[in-house]
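To keep things clear, I will list the structure first and then write my remarks on it.
In this chain, numbering begins with 1 at the start of the sequence shown. All values reported here derive from a predicted model rather than from experimental measurement.
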Amino acid sequence: MSAKVVWASGTGGTYLETTDAGASWRAAIVPGAEQLDFRGVHAVDQRTVYLVSSGTGDKSRIYKTTDGGSHWNIQFTNPDPQGFFDALVFWDPRHGIVLGDPVDGRFVILTTIDGGENWLRQRGPDALPNEGAFAASNSCLTVMGDGEVWFASGGPGAARIFHSRDDGRTWMAAATPIRNDAASAGIFSLAFSDARHGVAVGGDYTKAADASHNVAITSDGGRTWTEPSGKHPNGYRSAVAFLAGSGMWIATGPSGSDVSTDNGNTWKQFDSGSFNAVNFTPNGTGWAVGTNGRLAEYR
């Protein structure tokens with residue numbers, strides 16, 4: 001949220017909050033969610049926060065607090081027995097979108113215009129056989145501006161990026177050169193610096209140190225994606241973010257973190273710690289989270 005206020009989420013129904021820039025943390029479990037895996041958290045402000053859990057069927061849920069975590073309410077429970085939520089993001093405090101794996105051949109898209117009081121099922125784009133999304137870092141889905149949204153896929157069916165300009169009601173799909181040679185391979189995260197320039201990262205999560213075909217870039221808003229010719233991130237990467245103030249891109253994964261200063265064309269590893277997700281404020285304050293409660297501040 002700011003240089004001082006940070007929220008994180010994890011397994012076992014857990015969420016964490018700091019209000020003093022990480023000097024101390026409050027960890028708690030959402031009542032009734034002890035068996036859930038919170039793959040995404042979105043903070044509107046210090047008191048209003050959303051959590052999305054990932055799991056088959058009713059294990060995929062959306063929770064919201066308006067009092068800083070003292071009370072949590074279930075806003076939505078996945079009604080599809082084979083459904084699986086992957087990510088949740090918001091354009092502003094009232095307009096949000098959720099991505100889920102395909103059900104009956106279509107990706108699941110839910111949108112809200114009233115802060116999650118109601119979630120509307122949109123007609124999601126067609127999925128290819130064995131194509132899905134990855135709930136790895138809550139960043140396979142990203143939004144910008146007024147109603148613009150992209151999401152990424154993977155698996156042996158395809159590694160594609162879908163783009164909508166109308167709040168997720170209609171979609172266009174684009175192929176990418178990122179590997180999709182296994183159920184564990186594809187695009188895991190994407191980010192944009194503006195409406196035209198974006199970076200997608202991924203690889204195969206079972207091959208943490210394999211850097212082959214793990215990054216793609218666009219300069220036309222996601223209509224076409226190419227594999228850069230320079231050095232790639234040093235292995236599978238589950239998250240990428242843009243630091244607006246410095247013009248840098250940061251990618252992270254189990255085998256380390258990398259930086260690019262040329263819109264994703266070349267990358268240099270700067271840290272060897274294992275992380276799953278990363279996020280930054282506009283002024284460059286950043287945090288990464290990983291297994292076994294790992295938390296790291298970017299400096």
- Do H163 and W150 have ring centres separated by under 6.0 Å? yes
Taking every heavy atom of R160 against every heavy atom of I187, the minimum-distance pair comes out as O-CD1, 3.6 Å
**Check against ring pair (Phe, Tyr, Trp, His ring centres under 6.0 Å), W171 and F107** = CA-CA 11 Å; W171 298 86; F107 282 96; 8.8 Å; no
Taking the ring centre of each residue, are W287 and Y298 less than 6.0 Å apart? no
Requested in this report: Dump the intermediate steps for ring pair (Phe, Tyr, Trp, His ring centres under 6.0 Å) on W72 and Y63, then the final yes or no.
Outcome: CA-CA 6 Å; W72 291 89; Y63 286 80; 7.0 Å; no
Original post:
Are V149 and L190 connected in the hydrophobic side-chain network, where two residues link if heavy atoms are under 4.5 Å apart?
Top reply: no
For P254, the side chain to side chain contact (heavy atoms under 4.5 Å, CB included) test, sequence neighbours excluded, returns A208, Y236, S274
field: Residues D262, S260; criterion side-chain hydrogen bond (donor to acceptor under 3.5 Å, both in side chains); working and verdict
entry: CA-CA 6 Å; D262 58 5; S260 173; 2.9 Å; yes
Residue pairs passing the side chain to side chain donor-acceptor pair (under 3.5 Å) test with at least one member in residues 88-101, sequence neighbours excluded, are D92-H95
Applying side chain to side chain contact (heavy atoms under 4.5 Å, CB included) to D210 and not counting sequence neighbours gives R179, K207, S212
Residues at least two apart in sequence or cross-chain that pass salt bridge (charged side-chain N to carboxylate O under 4.0 Å, His left out) with D126, listed by chain then number, are R106
Sorted by chain and residue number, the salt bridge (charged side-chain N to carboxylate O under 4.0 Å, His left out) partners of E227 (sequence neighbours excluded) come out as none
Salt bridge (charged side-chain N to carboxylate O under 4.0 Å, His left out) filter on R294, not counting sequence neighbours, yields none
